[in-house]
Amino acid sequence: AQRVTQPEKLLSVFKGAPVELKCNYSYSGSPELFWYVQYSRQRLQLLLRHISRESIKGFTADLNKGETSFHLKKPFAQEEDSAMYYCALSDGAYKYIFGTGTRLKVLA
Amino acid sequence: NAGVTQTPKFQVLKTGQSMTLQCAQDMNHEYMSWYRQDPGMGLRLIHYSVGAGITDQGEVPNGYNVSRSTTEDFPLRLLSAAPSQTSVYFCASSYGTGFYEQYFGPGTRLTVT
């Protein structure tokens, strides 16, 4: 079955510490993978996508096909990074599958 | 350019009532979708549309109907509300599927008593 797993509901880190939000997927083909973020009182918005190979707000994500993972990383967390993060998979046709989300809290 | 708009922002229904959640976008996007967001369950796809006149079911379609008569609008109808439909509903649109970014509306918080 197609699935996106985010094992951590809540991740708390101190400001300046490294951050890694985990995402594992189960999919038989070659999916497109995304990270979406929802800041407090804001809409859900795209943070980054695998195909763009970009770094946004200091975040990067590497697709590991062997481990079927797409973990989100940032070397130094900032307080403004506190938000809800969703990993998502597109089957390339019509359907998107979201993970259950990880709430990141960056402590001062 | 308003992006994706949703109305209402909040709604309380009694069990058995029906209502329509409105969604509109002004970006000429072909793909539109509806999700529900529940604690611990993330976003789950209810219905989607790849263009005017074309709709299909997502992961959790039961109890919901959709139609797409224009490119801009994609309303979600609750036929007979149940407490299990208490949730936050998000509409999204994109140029297409695959690697395209989805643009989300602000959400509708629905409570069914």
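Chain naming here is simple, since letters A, B, ... match the order of the sequence lines and numbering starts at 1 in each. Being a predicted model, the structure only gives us computed values, none of them experimental.
Using a 4.5 Å cut-off between heavy atoms, B:Phe99 touches chain A through backbone and side chain atoms alike. Interface residue B:Gln57: only backbone heavy atoms are found under 4.5 Å from chain A. Within the 4.5 angstrom heavy-atom criterion, only side-chain atoms of B:Gln37, from C-beta onward, approach chain A. When heavy atoms are compared at a cutoff of 4.5 Å, B:Tyr103 does not approach chain A at all. Contacts between A:Gln38 and chain B at a heavy-atom distance below 4.5 Å involve the side chain alone, from C-beta outward. Within the 4.5 angstrom heavy-atom criterion, only side-chain atoms of B:Ser94, from C-beta onward, approach chain A.
The number of heavy-atom neighbours closer than 6.0 Å to CD of A:Glu80, taken from other residues, nucleotides and ligands shown, is above 12. Within 6.0 Å of the CE atom in B:Met41, the count of heavy atoms belonging to other residues, nucleotides or ligands does not exceed 12. Within 6.0 Å of the CZ atom in B:Arg109, the count of heavy atoms belonging to other residues, nucleotides or ligands does not exceed 12. For A:Tyr39, the OH atom is densely surrounded, since the number of other residues' heavy atoms within 6.0 Å is greater than 12.
Pairing each heavy atom of A:Arg43 with each of B:Gly105, the nearest pair is NH1-CA, 3.6 Å. Scanning all heavy atoms of the two residues, the minimum distance from A:Lys95 to B:Leu45 falls at CG-CD2, 4.2 Å.
Each of A:Leu104 and A:Leu46 belongs to its own hydrophobic cluster when Ile, Leu, Val, Met, Phe, Trp and Tyr are linked at side-chain heavy-atom distances under 4.5 angstrom. Note on A:Ile56 and A:Phe34: separate hydrophobic clusters, where clusters join Ile, Leu, Val, Met, Phe, Trp and Tyr whose side-chain heavy atoms are under 4.5 Å apart, directly or indirectly. Residues A:Tyr86 and A:Tyr25 are members of separate hydrophobic clusters, defined by side-chain heavy-atom contacts under 4.5 angstrom among Ile, Leu, Val, Met, Phe, Trp and Tyr. When hydrophobic clusters are built by joining Ile, Leu, Val, Met, Phe, Trp and Tyr residues whose side-chain heavy atoms come closer than 4.5 Å, directly or via intermediates, A:Val13 is grouped together with A:Tyr85. Residues A:Val106 and A:Trp35 fall within the same hydrophobic cluster, defined by Ile, Leu, Val, Met, Phe, Trp and Tyr side chains chained together at heavy-atom separations under 4.5 Å.
Rounding to the nearest 0.5 Å gives a distance of 10.5 Å between CG of A:Leu47 and CD of B:Glu101.
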Candidate pair B:Tyr100 and A:Tyr96, rule ring-ring contact (aromatic ring centres under 6.0 Å, His included), full reasoning: CA-CA 11 Å; B:Tyr100 288 104; A:Tyr96 292 89; 9.8 Å; no
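In this structure, A:Leu44 and B:Leu43 have side chains that are in contact, with non-hydrogen atoms separated by less than 4.5 Å.
Remark: side-chain polar atoms of B:Arg44 are not paired, donor with acceptor, to backbone N or O of A:Phe98 under 3.5 angstrom.
Under the 6.0 Å cut-off for aromatic ring centres, B:Phe104 and A:Tyr36 qualify, their centroids lying closer than that.
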